[in-house]
Amino acid sequence: MALLLGIDTGGTYTDAVLIRNESEVIASAKSLTTRHDLAIGVGGAVRSVLEQSGVTPDDISMAALSTTLATNALVEGQGGRVALIYIGFNAQDLERHGLNDALKGDPVLILSGGHTHAGGEAARLDTESLVAFLETESIGVSGFAVAGVFATRNPAHELEVARIVQERTGAPVTCSHQLSARLNGPKRALTAVLNARLIGMIDGLINRAADTLAAIGIEAPMMVVRGDGALMSAAQARARPIETILSGPAASIVGARWMTGAEHALVSDIGGTTTDVALIERGLPKIDPDGAQVGGFRTMVEAVAMRTSGLGGDSQVHLKSEGLRGGVSLGPRRLLPVSLVATEAPEVVHAALDAQLHAPVVGEYDGRFVRSVVGQAAMGLSEREAALLARIGTSVLPMGDVLRTRMEQGALNRLVDRGLVQVAGITPSDASHVLGRVAAWDRGAAEKALTIFARRRVGSGDSVARDAEALALMIVDQLTEQTSLTLLESIFSEEQALFGGSPSELARHVLLQRGLQGHKSLLSIDAHVNVDVIGLGASAPSYYPAVGERLRCNMILPEHAGVANAIGAVVGRIIQRRTGTVTVPSEGRFRVHLSDGLQDFTASSKALEVLEAALRAEAVAAAEEAGASDIHVHVSRDLRMAEVEAQQVFVEATVTVEASGRPRVAHD
């Protein structure tokens, strides 16, 4: 019997799940994510599933981790100081694909060297300038990124620079050709820079998670989920942390497929901060052909094609005061729910809410609280920001007690953006507590906060809602509407070529909206979403039945929808891909571009045979290193031909080898 442990660290919760024989969920648990030390949340969730199931730690055959840490770090601009060694490029190339923005002032060396399209040396590698640069600029650098012109056609200069850097600094080095076999040097350089910036952070997470499992007594090997939903070993994740971006959402899609067996479906995963929507095609997550886009940067990392909106159970509720009726809108910023912060500081929260309830008018900051994030380094703050952070201290405080001038609102926003302070306010989670759909936290605090918000005035001069329950229904209805629009935008982004116009415009078009309502008059319009929708997330059972009715679609809510990410983390397959190229540098010569050099042949068939054999060996070795068993290999060839004098002439070929298998566990 194999027992598999899946773990997912999300923005609000860390989930853990135990699966027996890859077929049955026997226990699941949630623990609040501890941002200052993720290991605390991991340990809490894992210990809980072990207690529920009666399983002993040494019964666990394998553990797998999915995480949003890399994604969040790129979005928030976090990570270590890096240096880029840019071989054979010029300064203007730093402006392409946002490479300068990604560097954020970190050191760059533009070095003579690089290769031609055919793999020949374009210029001698200037190792003297490299050594001089390392002597002056390597202090404080946590990782180096190396990118050379046409390094995917010949990586010799990248490899030589990496050797020198490691010899002289001992710091980790990321070579661009190891992350992608595709052309486009500046984009590969960007990916290498982001990877180098994340190495220390992901290494720390994996070490803390591994230490936590070891302290519990779990000695099974640990895997990590990639952004395409496949698994890799912890060692591979440490070397290529960039591949873990979109790890959490990718795991949820794998989990959805495992729970439902769906071959074709739309997956919508609602978390505390975001709603992530993706498509399952032929039983597999659809992959973004342009590479994962995170934090405004388009990388060359293969990842799930994901549409993310700032809409979740903990989204901020905004008053729409314009117009006679007014209303509410949600997101994109995440707040701590009042019902949650009240469990941490009940006396402070209830005392403040009671005082605000008895006030003759609603104050600007009523119903909102602030607290600092323990353990976060406060570097580079302005005098006003530092003073405000010191005033907040380590306690939960009413926002109105903290902000003394309107100018301090901007300082508070900057502290929130830096991750140093969290704001609490009413959210859909609080509305669900008021309606009795959820009972996890402090319902009384949620009811008081919503009562205060309901008294705010709209354009007509009336209150936005008559009481807390009416406001709660309004908030949940708004979540239904915004979720429905998010799903429709995702659908139109897939079918945009058929209709024209932007997905946002098409989703809101009056004819579609009338069709979803089944309009029948002189004109009959009937519209519905013609694909199953799988709703995931802990709050999906509360919100998604109404979304299914709104879109007139088949809404599937799996039994374990709340821990889909953790399930996906442990039921995925190990997949390793290797890609190479055959070019024609001159008539009658077919050049194979290998990681250890170039080889020329007189026949294209022989060149393709040698390339495929080399890629097969690399992919299988990488899959075995990741812990795969029963490895299957799939080979695809993309041949580019040209017609010359009525004959087909070989121009170029790309070969991709994919080696896949399930992780080795005890029963293997």
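Values below: all heavy atoms of this structure, side chains included; hydrogens, waters and symmetry mates excluded.
- Val224 places none of its side-chain heavy atoms less than 4.5 Å from the side chain of Leu231.
- Residues Ala250 and Gly227 come closest through the heavy atom pair CB-O, 3.3 Å.
- Residues Gln316 and Arg333 bring no donor and acceptor atom of their side chains to less than 3.5 Å of each other.
- A distance of 11.0 Å separates CD1 of Ile270 from CG of Leu536, quoted to the nearest 0.5 Å.
- The shortest non-hydrogen separation linking Ala540 to Pro545 is O-CD, 3.6 Å.
- Within 6.0 Å of CZ on Arg508 lie more than 12 heavy atoms contributed by other residues, nucleotides or ligands.
- With Thr427 as reference, Leu335 is the one residue of Leu479, Leu336, Leu335 to meet the side chain to side chain contact (heavy atoms under 4.5 Å, CB included) rule.
- Side-chain atoms of Ser48 never come within 3.5 Å of backbone atoms of Ala45 as a donor-acceptor pair (strictly under, hydrogens ignored).
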Please evaluate residues Asp354 and Lys448 with respect to the criterion salt bridge (charged side-chain N to carboxylate O under 4.0 Å, His left out), reporting the C-alpha separation (whole Å), side-chain torsions for both, the decisive distance (0.1 Å), and the verdict.
CA-CA 8 Å; Asp354 288 340; Lys448 291 176 183 179; 2.9 Å; yes
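- No side-chain donor-acceptor contact under 3.5 Å links Thr483 and Tyr544.
- Exactly one residue among Arg552, Arg514, His519, Lys520 makes a side chain to side chain donor-acceptor pair (under 3.5 Å) with Asp526. That residue is Arg552.
- A donor-acceptor pair under 3.5 Å is formed between the side chain of Arg257 and the backbone N or O of Gly261.
- A 4.5 Å side-chain heavy-atom check between Asp269 and Asn565 finds at least one atom pair inside the cut-off.
- Two residues are said to be in side-chain contact when any heavy atoms from C-beta on lie closer than 4.5 Å; Val267 and Ile280 meet this criterion.
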Which is it for Val46 and Ile218 under the side-chain contact (heavy atoms from CB on, under 4.5 Å) test, yes or no, and what are the steps along the way?
CA-CA 10 Å; Val46 171; Ile218 297 172; 3.8 Å; yes
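- Distance check: Phe492 CZ to Ser502 OG gives 10.5 Å after rounding to the nearest 0.5 Å.
- Distance alone, capped at 3.5 Å, is enough to place a donor-acceptor pair between the Asp366 side chain and the Gly363 backbone.
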With side-chain contact (heavy atoms from CB on, under 4.5 Å) as the criterion, how do Met62 and Leu5 come out once you've worked through the C-alpha distance, each side chain's angles and the decisive distance to 0.1 Å?
CA-CA 6 Å; Met62 187 192 78; Leu5 171 65; over 6 Å; no
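- Looking only at distances, no side-chain donor or acceptor of Thr275 sits under 3.5 Å from a matching main-chain atom of Gly271.
- Of all heavy-atom pairs spanning Val533 and Ser268, the tightest one is CG1-CB, 4.5 Å.
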Verdict with supporting geometry, Leu516 and Leu488, side-chain contact (heavy atoms from CB on, under 4.5 Å)
CA-CA 11 Å; Leu516 289 170; Leu488 289 171; 4.0 Å; yes
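- Here the shortest heavy-atom pairing between Glu489 and Ala507 reads CG-CB, 3.8 Å.
- Within the model, atoms CG of Asp462 and CZ of Arg457 stand 7.0 Å from one another, a figure rounded to the nearest 0.5 Å.
- Considering only heavy atoms from C-beta on, Leu471 comes within 4.5 Å of Phe453 through its side chain.
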Would you mind writing out the side-chain donor-acceptor pairs for residues 435-445 within the sub-3.5 Å range, not counting sequence neighbours?
unit_1	atom_1	unit_2	atom_2	d
Arg437	NH1	Ser542	O	3.3
Asp442	OD1	Gly444	N	3.1
Asp442	OD1	Ala445	N	3.0
Asp442	OD2	His350	NE2	2.8
Arg443	NE	His433	O	3.1
Arg443	NH1	Glu447	OE1	3.1
Arg443	NH2	Val434	O	2.8

Could you walk me through whether Glu481 and Arg550 pass the salt bridge (charged side-chain N to carboxylate O under 4.0 Å, His left out) test, one step at a time?
CA-CA 8 Å; Glu481 181 64 18; Arg550 173 78 174 80; 3.0 Å; yes
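- Between the side chain of Ser429 and the backbone N or O of Gly313, at least one donor-acceptor pair lies under 3.5 Å.
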Run the numbers on Thr212 and Arg208 for side-chain hydrogen bond (donor to acceptor under 3.5 Å, both in side chains), then give the verdict.
CA-CA 6 Å; Thr212 301; Arg208 294 294 290 125; 4.7 Å; no
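- In this structure, Leu65 and Ala209 approach most closely via the heavy-atom pair CD2-CB, 4.4 Å.
- Side-chain contact check for Ser252 versus Asp8: every heavy-atom pair is 4.5 Å or farther apart.
- A donor-acceptor pair is defined here as one N or O able to donate and one able to accept, closer than 3.5 Å; no such pair exists between the side chain of Gln482 and the backbone of Leu311.
- Proximity of a side-chain donor or acceptor of Thr274 to a complementary backbone N or O of Asp276 within less than 3.5 Å is not detected.
- At least one side-chain heavy atom of Met222 sits less than 4.5 Å from a side-chain heavy atom of Ile206.
- For Val563 against Ala29, the heavy-atom pair with the smallest separation is CG1-O, 4.5 Å.
- Under a cut-off of 6.0 angstrom, the local environment of CD in Glu559 is sparse, with at most 12 non-hydrogen atoms contributed by other residues, nucleotides or ligands.
- Here the side chains of Thr244 and Val225 are not in contact, with every heavy-atom distance at 4.5 Å or above.
- The backbone N or O of Tyr13 lies less than 3.5 Å from a partner atom in the side chain of Thr33, making a donor-acceptor pair.
- No donor-acceptor pair under 3.5 Å is formed between the side chain of Arg20 and the backbone N or O of Leu3.
- Taking CG of Leu279 as the start and CD1 of Ile287 as the end, the distance is 11.0 Å to the nearest 0.5 Å.
- The distance from atom CD1 of Ile567 to atom NE2 of His560, rounded to the nearest 0.5 Å, is 6.0 Å.
- A distance of 13.0 Å separates CE of Met223 from OG of Ser66, quoted to the nearest 0.5 Å.
- At a threshold of 4.5 Å between non-hydrogen side-chain atoms, the residues Leu18 and Ser28 do not count as touching.
- A cation-pi contact, defined as under 6.0 Å to the ring centre and within 45° of the axis, is absent between Arg368 and Tyr365.
- Counting only distance, with no hydrogens or angles, the side chain of Asp288 and the backbone of Ala303 share no donor-acceptor pair below 3.5 Å.
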Between Ile26 and Val55, is a side-chain contact (heavy atoms from CB on, under 4.5 Å) present by the stated rule, with each step listed?
CA-CA 10 Å; Ile26 61 172; Val55 167; 4.2 Å; yes
